[in-house]
Amino acid sequence: MPELPEVETIRRDLEKKILNKKIVEVKVIKKKVIKEPDLSEFKKGLEGEKVKEILRKAKVLIFKLRDDKFLIVHLRISGWLLYGEEDPKARVVFKFSDGKFLNYMDPRLLGELRLRKDFKDLKFIKELGPEPFELKEEDFKKIVSSKKTKIKVLLMDQALISGIGNVYAQEALFRAKISPLRESNSLSSEEISFLFKSILEILKEAIKYRGSSVDTYRDIGGREGGMGQRLKVYGRQGEPCFVCKTPIRKITLGGRGTCFCPKCQK
DNA sequence: AATGGGACCTGCGCGC
DNA sequence: TGCGCGCAGGTCCCAT
């Protein structure tokens, strides 16, 4: 799915488009993505409501409709939102009172939408660790040095640190010159410090450039993000490292493809 | 506790 | 051209 920077880009763009707009109609084309409540209650519960606030927790988007009514959208891997006209590939369509549409796009159908009284009690929100921006360097050091997991797997563990996914974990490690294979408790204090700064930088840069479109992700206007072309290792297996020209290696870690420079990253 | 594999899904690019 | 395969930004569940 979109990681923190992509979801934040969506959130900011949507704020300009649908805040205080009324939902007049909801069309569910693929009911699989509606996890709760049942279909008719989902539609009935949304139609007539205004979007009061748009929040984000790590990679999850949350639309506040009332103090006790929230639409929670987890885009998972292939979900994205397209604003404007109704789209033929949409899985769910929200029509607003100004005649505009918000399309929930999700080719792989792995995402999920929920309408609930609250979001804080949802498992995949309740169990989130702090986002990198909420962490002090000392907290990050404690997290990293307390585990012996491979550092790349740790960075993607949402219960420890939330918002980082498979792209930015690889990019942060490249920037920090740390191998994704290192056991996290083997990192020196200086390495952890450098890694922490690298994470913050890469996430900030990715937000600035409106995310990476390496797969299905698009912004709400259907445009690609500008961060994709700034990635240094993701998807570059076999190509020369931008720093030392050594071919970028690809391995599997935690079940996910992982690219790194075997020479620069120790 | 940590790790590896599979499941959930569709669609794309690649090699033959 | 057409087909099969591998792979895709996430998360959960199971076995070891």
- [ ] With a 3.5 angstrom cut-off on both distances, give the Watson-Crick or G-U wobble partner of dC3(C), or none if there isn't one.
- [x] dG15(B)
- [ ] Starting at CG of Leu46(A), measure out to CZ of Phe42(A) and round the result to the nearest 0.5 Å.
- [x] 5.0 Å
Task: Nearest-neighbour nucleotide for the Tyr217(A) side chain, dG9(C), dT11(C), dT10(B) considered - done: dG9(C)
Open item on the list: Taking any heavy-atom pair under 4.0 Å as a contact, classify Asn166(A): base, sugar-phosphate, or nothing.
Closed with: sugar-phosphate
Open item on the list: Please classify the nucleic acid contact of Leu110(A) as base, sugar-phosphate, or nothing, using heavy-atom distances under 4.0 Å.
Closed with: base
Task: Among dA8(C), dT3(B), dG11(B), the one nearest Thr149(A) by side-chain distance - done: dT3(B)
Open item on the list: One thing to verify: whether Arg12(A) and Glu15(A) come together as a salt bridge, which I'm taking to mean a side-chain N less than 4.0 angstrom from a carboxylate O.
Closed with: no
Task: Rounded distance (Å) that lies between atom P of dA8(C) and atom OH of Tyr234(A) - done: 6 Å
TODO: Output yes when at least one side-chain N/O atom of Lys250(A) is less than 4.0 Å from OP1 or OP2 of dA8(C), else no.
DONE: yes
Task: Pro107(A) side-chain proximity, nearest of dG9(C), dG11(B), dT11(C) - done: dG11(B)
Task: Atom-pair distance (CD on Glu171(A); C1' on dG9(C)), nearest Å - done: 12 Å
- [ ] Report the distance from atom CZ of Arg91(A) to atom C1' of dG11(B), rounded to the nearest whole Å.
- [x] 10 Å
Open item on the list: In this structure, how many angstroms lie between the P atom of dC8(B) and the NZ atom of Lys35(A), rounded?
Closed with: 12 Å
Task: Residue pair Arg210(A) / Asp13(A), side-chain heavy-atom distance below 4.5 Å - done: yes
Open item on the list: Testing the basics here: between Leu181(A) and Lys150(A), what is the closest heavy-atom pair and its distance to 0.1 Å?
Closed with: O-CG, 3.7 Å
Open item on the list: Strictly by Watson-Crick or wobble contacts shorter than 3.5 Å, is anything paired with dG9(C), and which nucleotide is it?
Closed with: none
Task: Atom pair distance, as rounded to whole Å: CG in Asp215(A) and P in dT10(B) - done: 15 Å
Open item on the list: How many whole angstroms separate atom CE of Met156(A) from atom C1' of dG4(B)?
Closed with: 15 Å
Open item on the list: Looking at dA8(C), I'd like to know if its phosphate oxygens (OP1 or OP2) sit under 4.0 Å from a side-chain N or O belonging to Arg256(A).
Closed with: no
- [ ] Decide salt bridge (charged side-chain N to carboxylate O under 4.0 Å, His left out) for Lys177(A) and Glu191(A); before the verdict, give the C-alpha distance in whole Å, the side-chain angles of both, and the deciding distance to 0.1 Å.
- [x] CA-CA 9 Å; Lys177(A) 302 184 190 297; Glu191(A) 285 175 320; over 6 Å; no
Task: Glu6(A) (side chain) and dG9(C) (base): donor-acceptor pair under 3.5 Å - done: yes
Task: Residues Arg116(A), Asp121(A): salt bridge by 4.0 Å N-O rule - done: yes
TODO: Report yes if at least one side-chain N or O of Lys32(A) is closer than 4.0 Å to OP1 or OP2 of dC9(B); otherwise report no.
DONE: yes
Task: Given dG9(C), dC12(C), dA2(B), the nucleotide with the shortest approach to the side chain of Lys123(A) - done: dC12(C)
Open item on the list: Does dT11(C) have OP1 or OP2 under 4.0 Å away from a side-chain N or O of Lys59(A)?
Closed with: yes
Open item on the list: Using whole Å, what does the distance between atom P of nucleotide dT11(C) and atom CG of Leu122(A) come to?
Closed with: 13 Å
TODO: Respond yes when some side-chain nitrogen or oxygen of Tyr168(A) is under 4.0 Å from OP1 or OP2 of dG9(C), and no when none is.
DONE: no
Task: N or O in side chain of His74(A) less than 4.0 angstrom from dT11(C) OP1/OP2 - done: yes
Task: Check against salt bridge (charged side-chain N to carboxylate O under 4.0 Å, His left out), Lys197(A) and Glu201(A) - done: CA-CA 6 Å; Lys197(A) 290 184 179 73; Glu201(A) 279 172 17; over 6 Å; no
TODO: Give Thr252(A) one of three labels, base, sugar-phosphate or nothing, depending on what nucleic acid heavy atoms sit under 4.0 Å from its own.
DONE: nothing
- [ ] Give one of base, sugar-phosphate or nothing for Lys89(A), where a contact means two heavy atoms less than 4.0 Å apart.
- [x] nothing
Task: Atom-to-atom span, CG of Leu109(A) to P of dT11(C) - whole angstrom - done: 17 Å
Open item on the list: Applying a 4.0 Å non-hydrogen cut-off, can you work out what Gly165(A) is touching in the nucleic acid: base, sugar-phosphate, or nothing?
Closed with: sugar-phosphate
Task: dA7(B) and dC5(C), which share atom name P, separated by this distance in whole Å - done: 16 Å
